[in-house]
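Scroll down for the structure; my scribbles are underneath it.
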Amino acid sequence: MSTQGSPSSAPGNTITGADAPPGLGDSHAQLVRERLLRRMFVMGPPTVLTALAAAIAMAGVFFWMTRGLGALMWGFVICALLGLRLVFMRWNARLYPEPEFTLRQPDGAWRFMCPLGAYMSMWTLAPWALMPPGTESPMRILILLLGMFAVLMGSVPVIATWRAMVPVVTIPLTLGVVTRFAWMGGTDGWFTCVVGLLFGGSMARYALSQHQLIRRSLSDQIDKELLSEQLLRQSFELQRLNRERSRFFASASHDLRQPVHALALFSRSLERDLADHPLAPVAGRVVQATDAVSGLLNAMLDISKIDAGTVVPQPMEIAVDPLFLRLSQLFEPRAQQAGLSLRFHTGPEWLKTDADLLLRVLTNFVDNALKYTRRGGILVSARPRGDRLRLAVWDTGLGIAPEHLPHVFDEFYQVDNPQRDVARGLGIGLAIVKRLVDLLGGEVGVRSRQDHGSVFWVDLPRQPPAPAAPALAPTATPAPAAIDTTELPLVPPRVLLLDDEQPVGEAVRMWLAPYCERIEITTRLSDACAQVRATPEDFDAFIVDFRLADPQDGIQATAELRQLAGRRVPTILVTGDTDPERVRAAYASDLVVMFKPVQPEVLLRTLHQIIRSEEREPALSPRRRQPP
Ligand code: ADP
């Protein structure tokens, strides 16, 4: 028995018959053969009943007309042979059950053909047995011919499935008619003999042409199956590669974040401590360079966060005016410095959207417009378009060549920065914009003419004016990340840091030490536990890395440390992971999450904030320390 299966089970069937190399072309032909064989085996049993009815009818009619024993005997034997065929078919069905045909393919046609051949031989004898020489009459001849031709015609759909079946069926039937009427002789005999021959021949040709059609359609069907299987495999492969790419980027970005995180803290400490030193400008440059790398990593993190679904829009009804006012506060000084005009144009328009996310989008557009405009100005407009409002930023800048235009919203795509100078942007701002606008349920677009300017827009659903609704309050330009002394805790805090990277620990210590009463650095959970166990009440906050050298992650480690401390010590979970799953997990913990590389000032401010908020809840605090 052959184990060659259908396309779904055959291992190497990824090439279509049309372009298959010789070896696989053979396997294609083999597949067609298997399908034909299967058809024959499946179509066989239902035809036995029809054949039985035809045999009984012929034997009955001729016995009734001739009362000859030949008809009776013939009827008996042909019924017995049909019974034998049925037995064989049942046997076949048991050996090769229909649902398993794809796995167990019959080893050849003989199981079907041998019983068929035996049965068909009875049709060669039929004219002799039913109408023995000397009993001829026009009526009997006519009935005999009609019966034989009907059987021949009726068999065509079945015999067309298997080429060898055509002669096995047509020859015995034709031979019976031809020999019987040649024996009869005379004009009638020879005439009938020729008619039988012509009819048998034409039926055989017809059956063979049908067989070719079936074969071709099966071949096409197999081609399509192989092609779709190939496409399916390719799409699985693509998905796998995508997953691998994401994993690679996640781990590369995680590994990169560690040193950059440490570098950011070291450089800021250096800048602070060298404030009055001649090397202060050098320290400033180091901080600038570190900030550029941090910016890149954080932009990648922004994308990961959006992809992870952790950025959830908070829609509210907002007026466009205050939004534009905020933009003007943000960018007016820069525009003036660059000698560009910055104008705003809107009617009393309202939107229902997330104000912060929309502001990020428009900020990006205006920032780019200022970056890529040398003279002229920038116009920010809001105009209704049907049930949508189009917020657009027009500039008279460099413009974008048509070949670049379709790609500007792609990740890391930059039009004119082949040397990838980070000072000239990262090519990621518009990719984030696109994702944010998708989140807001809007559409983003661009039109541009090189050397004439560009317009970037976002279309969002309009909201009928609702003056009662809370407007987006104009706020002052955000202050640079400075240390807000109102957020300082009453006394310098005592902090425990758990991070498996020694340099990161040193960097945190260097940066935080001047603001803390005590700072303990540990790289293993066991050391951290020992510290807390020794002085359970002596830590005001923990800073814990998400990924540790221990089997536990940062969330589990925090739980252990808090248990040892006997209270919910305020904790910052710091992570360098951008893998969406881990980003989600970090947010799902009730800890304050910060991403590496953290901005040193933000780390300090957050530390103070979480300690302050705990101090405001005396029930949670072990003791109120007095300022020294
Ligand atoms: P980048 O941080 O490099 O500006 P973006 O994703 O914001 O990255 O923009 C991608 C590219 O689109 C930029 O490299 C820039 O060439 C082009 N671009 C964006 N806005 C404008 C604009 N207003 N005028 C001309 N080119 C622009």
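Bear in mind that the values here come from a model prediction, so they are computed numbers and not experimental data. All heavy atoms count here, side chains included; hydrogens, waters and symmetry mates do not. Whatever order the structure lists them in is the order used to number ligands and atoms, beginning at 1.
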I need the contact type for Lys371 against ligand 1. Using non-hydrogen atoms and a strict under-4.0 Å cut-off, is it side chain, backbone, both or neither?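 Side chain only.
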Location of contacts on Ile428 toward ligand 1, heavy atoms closer than 4.0 Å: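 Answer for Ile428: backbone.
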Any atom of ligand 1 sitting under 4.0 Å from a heavy atom of [X]?
X      : answer
Leu398 : no
Gly397 : no
Phe456 : yes

Which atoms from ligand 1 have a heavy atom of [X] less than 4.0 Å away?
X      : result
Gly427 : 1 (P), 2 (O), 3 (O), 6 (O), 8 (O)
Tyr413 : 10 (C), 11 (C)
Gln414 : 3 (O), 14 (O)

Assess whether a salt bridge exists between [X] and [Y], defined as any Lys/Arg side-chain N lying under 4.0 Å from an Asp/Glu carboxylate O.
X      : Y      : answer
Asp590 : Arg568 : yes
Arg547 : Asp553 : no
Arg360 : Asp356 : no
Glu229 : Arg233 : yes
Arg435 : Glu411 : yes

Taking both backbone and side-chain atoms of [X], is any N or O found less than 3.5 Å from an N or O belonging to ligand 1?
X      : value
Gly429 : yes
Val415 : yes
Ile400 : no

Indicate yes or no for a side-chain donor-acceptor contact from Ser267 to the backbone of Ala264 under 3.5 Å, with no hydrogens or angles considered.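 Pair found, side chain donor or acceptor close to backbone of Ala264.
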Under 3.5 Å: donor-acceptor pair, side chain of Ser448, backbone of Val446: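 Side chain of Ser448 to backbone of Val446, a donor-acceptor pair under 3.5 Å: no, none is there.
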